[in-house]
Amino acid sequence: MTFKKPEVGCQLIAFTDTMSEDSQRNFRSVYYEKVGFRGVEEKKSLEILLKDDRLGILPPHQESHSIMMEYRREQYQDVHHALQVIRFISETTPKIEVFLLMYHLETGKLSQCQPYPMEPEDDCFLAIASTMEEIVDDDVDCYWLIRNFVNHLDSKFKDSKLQLHKAFEHYLSLEDSRLVAHLKASSALEKLPYDLWFKKCFAGCLSASSLQRAWDKLVSGSCKILVFVAVEILLTYKLKVMALNNSERINTFLEKIPEDNTDSIVSKAIDLWHKHCGIPAHSI
C-alpha cells in the first residue's frame with residue numbers, strides 16, 4: 001500500500017472517518033487474505049474498490065469525493081489561518097507542530113499559555129505525525145489522516161491498550177519461553193518500551209515504509225497486530241537481547257533497532273498474527 005498518489009490519499013481520508021464500521025468492507029486487509037495472499041502490494045485492490053459507486057462510507061458516492069475533499073481543504077486552510085492570526089504559528093513552525101496545534105484548536109484543547117505546554121499524549125501525536133509526513137505528500141491529506149488515525153486509536157482501542165502488555169507476554173511465551181524468562185530475570189519485562197510500541201504504534205521505531213503495512217491492519221480493526229510486531233522484534237533480536245542482562249540496556253536497544261530489517265519484521269509479525277488469530281475481520 002502507498003499513499004504517495006494524492007488521489008488515493010484523498011480516498012483514505014474519507015475511509016478513516018468511518019474505519020471498521022462495516023466488516024464486509026474491511027477491504028484492504030481481508031480481501032487479499034481471504035484468497036490466500038499475505039503481505040502483497042494492496043494498493044491495486046484499494047484503487048479497484050474505490051471505483052465502486054457505493055463503498056459503505058461517507059460520502060457514499062465516488063463522485064462526491066472531490067466535493068468532500070474540497071470541504072476538507074477549506075477547513076484545513078481556515079484552521080491554519082486562525083492559528084496564524086492569533087500568532088500561534090509562523091512560517092518557521094515545524095509542520096508536525098502545526099498539525100498538533102490545529103488538532104488542539106479543532107478539538108477545543110488549545111491552551112493560551114506560552115510557551116505552549118506539551119502533554120504526554122502530544123508526544124504520541126507528534127511521533128505519529130512525523131511518520132505520516134514521510135508517507136503522505138500533500139499537507140491537507142496528511143493532516144486529515146493523522147487526525148482521523150489518532151481519533152481512531154482513542155475511540156476504538158483506548159481500553160484495549162491496557163490488555164496489550166499481557167497479550168505481548170502471553171504470545172512471546174508461546175514463541176520463546178526462555179526469552180521471557182531472561183527478560184524477567186533481567187527485570188526488563190515490565191520496563192520494555194511499551195509506550196513506543198502501543199501508544200505511538202511504533203512510530204519512530206520502524207521505518208515509515210515498513211510501518212504502513214502494520215498500520216493498515218490497525219486501521220482495518222486489529223490492534224493486536226501491534227502485539228505481534230513487538231513479539232517479532234524480540235524474536236528477531238533474541239541473541240542481542242539475551243546477551244544483555246541489564247533492563248536499561250535492553251530498553252535502549254529496543255527503542256532504536258536497526259532500520260535495515262524492519263520490512264522482514266513486519267512480514268513475520270503478520271505471519272504470527274495469522275498463526276495465532278487466523279484471518280478474522282477484526283482481531284482486536
Side-chain angles (χ1 to χ4, degrees), residues 39 94 96-97 100 118-135 150 153 157-158 160-215 217-218 222-273 275-277:
I96 60 173
E97 292 183 18
L100 175 64
M118 289 290 182
E119 300 295 334
E121 58 267 25
D122 295 338
D123 189 41
C124 296
F125 183 102
L126 291 172
I128 291 170
S130 181
T131 295
M132 195 72 79
E133 188 182 15
E134 293 184 51
I135 300 171
V150 170
L153 294 178
F157 303 136
K158 189 173 184 179
S160 299
K161 289 177 183 178
L162 301 176
Q163 305 169 17
L164 298 182
H165 295 199
K166 293 181 179 179
F168 165 76
E169 182 178 348
H170 170 71
Y171 289 112
L172 185 59
S173 295
L174 293 178
E175 293 296 321
D176 196 320
S177 59
R178 288 183 63 250
L179 185 52
V180 173
H182 173 73
L183 292 172
K184 288 182 177 179
S186 304
S187 302
L189 187 60
E190 298 302 321
K191 300 176 182 179
L192 295 176
Y194 292 116
D195 283 355
L196 173 64
W197 293 348
F198 303 145
K199 290 185 178 180
K200 297 181 181 178
C201 304
F202 295 93
C205 177
L206 301 181
S207 67
S209 59
S210 302
L211 201 51
Q212 291 183 56
R213 294 172 58 207
W215 281 7
K217 304 294 183 186
L218 189 61
S222 174
C223 66
K224 194 173 284 186
I225 186 62
L226 299 176
V227 170
F228 292 112
V229 173
V231 168
E232 184 53 43
I233 287 175
L234 267 295
L235 295 177
T236 298
Y237 295 107
K238 174 183 175 178
L239 295 179
K240 176 68 176 179
V241 172
M242 293 290 282
L244 302 173
N245 55 11
N246 177 282
S247 62
E248 184 177 347
R249 293 174 65 192
I250 292 174
N251 199 56
T252 299
F253 170 74
L254 293 175
E255 286 180 344
K256 295 292 183 182
I257 63 173
E259 291 191 4
D260 58 355
N261 204 27
T262 56
D263 282 344
S264 175
I265 287 173
V266 172
S267 294
K268 292 178 180 178
I270 292 174
D271 287 340
L272 283 177
W273 183 63
K275 173 183 174 181
H276 292 285
C277 300

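This one's a predicted model, so the numbers in the text were calculated from it and none came from an experiment.
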Taking side chain to side chain contact (heavy atoms under 4.5 Å, CB included) as the definition, give me every residue that meets it alongside [X], ordered by chain and number, with sequence neighbours left out.
X: E190; answer: none
X: P258; answer: Y237, F253, D260
X: T236; answer: E232, N261, I265
X: D176; answer: R178, L179, L235, K238

Exercise for the section: Could you give me the CA-CA distance, side-chain angles and deciding distance for D123 and K200, then say whether salt bridge (charged side-chain N to carboxylate O under 4.0 Å, His left out) is met? Expected result: CA-CA 8 Å; D123 189 41; K200 297 181 181 178; 2.9 Å; yes

Problem - Side-chain donor-acceptor pair present, S210, D263, cut-off under 3.5 Å - result: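 Note: S210 and D263 side chains meet the donor-acceptor criterion.
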
Decide yes or no for [X] and [Y]: does some side-chain heavy atom of the first lie under 4.5 Å from some side-chain heavy atom of the second?
X: H165; Y: F198; result: yes
X: V227; Y: L172; result: no
X: C223; Y: L218; result: yes
X: I257; Y: F202; result: no
X: V241; Y: L254; result: yes

Please round to the nearest 0.5 Å and tell me the distance separating atom [atom1] of [X] and atom [atom2] of [Y].
X: W215; Y: L226; atom1: CH2; atom2: CG; value: 10.0 Å
X: N251; Y: S186; atom1: CG; atom2: OG; value: 12.0 Å
X: C205; Y: I233; atom1: SG; atom2: CD1; value: 4.5 Å
X: K268; Y: K275; atom1: NZ; atom2: NZ; value: 12.5 Å
X: L183; Y: M242; atom1: CG; atom2: CE; value: 8.5 Å
X: L192; Y: E169; atom1: CG; atom2: CD; value: 10.0 Å

Exercise for the section: Tell me, please, which residues at least two apart from H182 pass side-chain hydrogen bond (donor to acceptor under 3.5 Å, both in side chains). Expected result: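 side-chain hydrogen bond (donor to acceptor under 3.5 Å, both in side chains) check on H182 returns nothing, list empty.
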
Exercise for the section: Take atom CD of E248 as the centre, draw a 6.0 Å sphere, and report whether it contains more than 12 heavy atoms from other residues, nucleotides or ligands. Expected result: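 Open.
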
Exercise for the section: Could you tell me whether the side chain of D122 and the main chain of E119 form a donor-acceptor pair under 3.5 Å? Expected result: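 Yes.
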
Exercise for the section: Could I get the full list of ring-ring contact (aromatic ring centres under 6.0 Å, His included) partners for F168, not counting sequence neighbours? Expected result: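 So F168 forms a ring-ring contact (aromatic ring centres under 6.0 Å, His included) with Y194, W197.
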
